[in-house]
2 protein chains.
Amino acid sequence: MKPTIKDIAKEAHVSVTTVSRVLSNKNNSNSDKTSKKVRKIAQQLGYRKNTSAVELVTRTSNVLAVILTATHTNFSDEIIAGIQDQAYKNGLDVIISYAGENNAHRQFQSIKTIIERSVKGILLLALELDEKSRQLLIQSKIPYVFLSLANDKKMPFISSNDFQIGYQATKYLIDKGHKKIGLAGLDDKSFMGKQRISGYKKALSDNKLKLDSEWITTGLFTYQDGLNSMKHYGKRPQVTGVVANSDLVGVGILNQARKFGVKVPRDLAIISIDGTGLCQIVHPQLTSITQSFYEMGINGVNFLLNSKEPRRLSKFTSIKIEEREST
Amino acid sequence: MKPTIKDIAKEAHVSVTTVSRVLSNKNNSNSDKTSKKVRKIAQQLGYRKNTSAVELVTRTSNVLAVILTATHTNFSDEIIAGIQDQAYKNGLDVIISYAGENNAHRQFQSIKTIIERSVKGILLLALELDEKSRQLLIQSKIPYVFLSLANDKKMPFISSNDFQIGYQATKYLIDKGHKKIGLAGLDDKSFMGKQRISGYKKALSDNKLKLDSEWITTGLFTYQDGLNSMKHYGKRPQVTGVVANSDLVGVGILNQARKFGVKVPRDLAIISIDGTGLCQIVHPQLTSITQSFYEMGINGVNFLLNSKEPRRLSKFTSIKIEEREST
DNA sequence: AACAGTATTGCAATCGGTTACAAATGGTGT
DNA sequence: ACACCATTTGTAACCGATTGCAATACTGTT
């Protein structure tokens with residue numbers, strides 16, 4: 001049987017109270033001698049705290065939960081790194097749960113499991129919640145924050161400003177002299193997609209450029225969507241520049257362009273949104289609007305730690321343009 | 001305050017025992033009428049089980065823990081997908097903890113945290129444990145299994161047969177007519193590295209080919225190691241074929257070769273070990289020894305579920321060669 | 001030596017569930 | 001009406017920690 005504080009208490013001829021105080025570092029009130037003795041015996045017995053018991057009695061837990069989709073958002077690693085680092089600094093543990101992809105049931109299950117562990121906070125990564133899961137989450141009263149995906153439901157989030165992303169990316173190509181600019185691979189049903197489209201349109205109209213709705217291709221930010229977009233633009237592309245809505249889309253466009261014999265950047269300029277490592281290992285390297293994913297993770301944790309009462313939050317992290325070889 | 005079974009009991013005019021039985025589906029012994037009533041009230045009150053309490057009293061948990069490094073992450077997604085799917089089928093929850101990269105302290109911390117939650121089993125992904133962490137893990141008596149990384153310490157693992165990987169990859173190039181074959185980017189200190197080197201050497205000697213130790217470059221399976229390896233091989237490469245020890249290494253070699261004006265596969269053939277999606281989105285697409293990562297995840301979970309008493313396991317999952325454009 | 005004041009320690013209740021065992025209830029056959 | 005057994009329900013102990021409060025042990029002062 002695994003040793004408990006009772007065993008230690010017996011061995012050390014003290015009460016469990018004393019053992020508990022020593023082992024949870026309330027050392028302001030125990031003598032050095034006793035502390036040392038208790039710690040030594042705990043060590044000898046190979047004692048491990050039972051977290052369930054602690055959480056039960058203290059009614060708190062020092063765990064942050066991250067929920068993400070399995071959809072291969074290749075930037076989630078960066079966000080998670082930020083979360084982990086910041087959590088670690090604050091003595092918190094992190095547990096991660098994959099909610100399947102677009103599987104409402106699994107999503108619900110995942111959130112339910114998390115809630116039943118009464119974690120300290122929940123970070124939702126690039127996750128679009130269906131209504132039922134959303135109710136569950138709100139009802140739980142556990143602080144939460146969406147990362148990387150904003151939303152229009154008045155739920156707290158930290159993300160890039162997607163209007164700005166759409167605007168800046170487009171503006172960048174305009175400044176390079178392009179007049180026919182595509183926007184590829186985004187989900188025009190999502191809040192994020194709408195924002196980017198608005199930014200894109202605004203940049204065009206601000207510069208007195210007309211827009212052809214054929215230039216916008218929809219999708220779910222995947223590699224395949226990139227290929228499809230390029231096929232749509234054609235061998236003699238109807239656009240001279242394109243804003244790829246994820247790095248994978250960018251690479252897809254790039255590869256299909258190569259197949260078509262369309263030279264990048266000579267015949268087609270590409271600017272890719274995200275700026276993950278992928279941009280640098282393809283050829284030509286992709287110019288990108290780089291998001292501050294790591295920072296999103298950091299900020300997300302900070303927000304949860306300071307939110308005693310549920311409060312509103314809409315925070316944008318910075319974006320920057322990194323020019324590489326595709327423009 | 002969050003409702004407990006006591007609240008439900010009061011509301012339903014039954015005892016907590018009854019509520020507990022209903023809500024944990026021991027319905028073999030409760031009347032339908034009571035069950036329905038209890039469930040309805042639980043629903044109304046927005047009741048959520050307190051997992052800590054359950055785990056405390058039952059002394060079990062239905063959680064599997066995954067520990068991984070931040071390092072060679074580009075195949076861990078596949079393994080995790082396998083783990084998740086299989087865990088889900090068995091009604092288990094999965095929590096994931098990143099142990100930092102090569103940070104012994106963080107590794108130890110991570111394992112300690114997991115153990116204190118007394119999970120049902122631990123899956124260690126591509127993780128090389130230092131001695132202290134290893135002791136802790138063994139001492140905990142919790143079933144565990146290493147995935148993707150074999151080891152010589154008599155600890156259970158599921159991985160590919162790295163000797164075979166080294167052998168097959170080399171043999172493949174030999175069959176293509178290559179006589180000077182490099183082995184790039186592996187850690188020759190690790191068990192895995194040693195196995196691959198043995199396989200590589202055996203394939204050469206079986207075919208009466210001599211070996212030049214300059215052809216083996218060491219590293220930690222990173223993109224940068226790929227670049228370095230190619231720089232080492234030179235503009236007029238001393239090898240005509242190379243076995244890249246990870247997809248990232250393969251891409252690194254590819255890109256540096258392009259910079260050198262070395263044409264792949266004409267001047268240099270590349271076969272890459274892992275076979276993740278990356279192989280298909282670079283140009284030319286990389287031929288690969290593809291590992292069964294998803295299957296590793298499945299098998300890992302199954303092993304943990306069947307291991308009442310800690311037992312030995314050395315299981316190899318299948319590998320296959322997928323020919324693409326780089327050879 | 002007595003006493004106040006402070007530093008340590010221990011008692012016992014508590015967190016929210018589960019479960020062995022006992023008690024109550026209900027149905028059946030005679 | 002009663003014995004008998006099966007079904008359903010309840011009582012109370014327990015899991016392993018934390019913590020308010022009371023009890024005890026020390027310390028220095030007069």
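Here is the naming used below: chain letters follow the sequence lines, and residue numbers restart at 1 for every chain.
- Here the P atom of nucleotide D/dG16 and the CG atom of A/L45 are 14 Å apart, to the nearest Å.
- As a whole-Å value, the separation of B/K10 NZ from D/dT9 P is 20 Å.
- The phosphate of C/dT9 has OP1 or OP2 within less than 4.0 Å of a side-chain N or O from A/N30.
- B/T34 comes within contact range of the sugar-phosphate backbone alone, with a heavy-atom separation under 4.0 Å but no base atom that close.
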*So A/D85 and B/R106, salt bridge (charged side-chain N to carboxylate O under 4.0 Å, His left out) or not? Walk me through it.*
CA-CA 11 Å; A/D85 286 353; B/R106 191 117 160 218; 3.2 Å; yes

_How would you summarise protein contacts on nucleotides 10-19 of chain C per nucleotide, using B for base, S for sugar-phosphate only and - for none, with heavy-atom distances below 4.0 Å?_
BBB-BBBBBB

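- Of the inter-residue distances, the one linking A/I114 atom CD1 with A/S97 atom OG reads 5.0 Å to the nearest 0.5 angstrom.
- The side-chain heavy atoms of A/E78 and A/T276, taken from C-beta on, include a pair separated by under 4.5 Å.
- Not a single donor-acceptor pair under 3.5 Å links the side chain of A/N103 to the backbone N or O of A/A99.
- A salt bridge does not link A/K49 to A/E55: none of the charged nitrogens lies less than 4.0 Å from a carboxylate oxygen.
- A donor-acceptor pair under 3.5 Å links the side-chain atoms of B/S24 to the main chain of B/S20, judged by distance alone.
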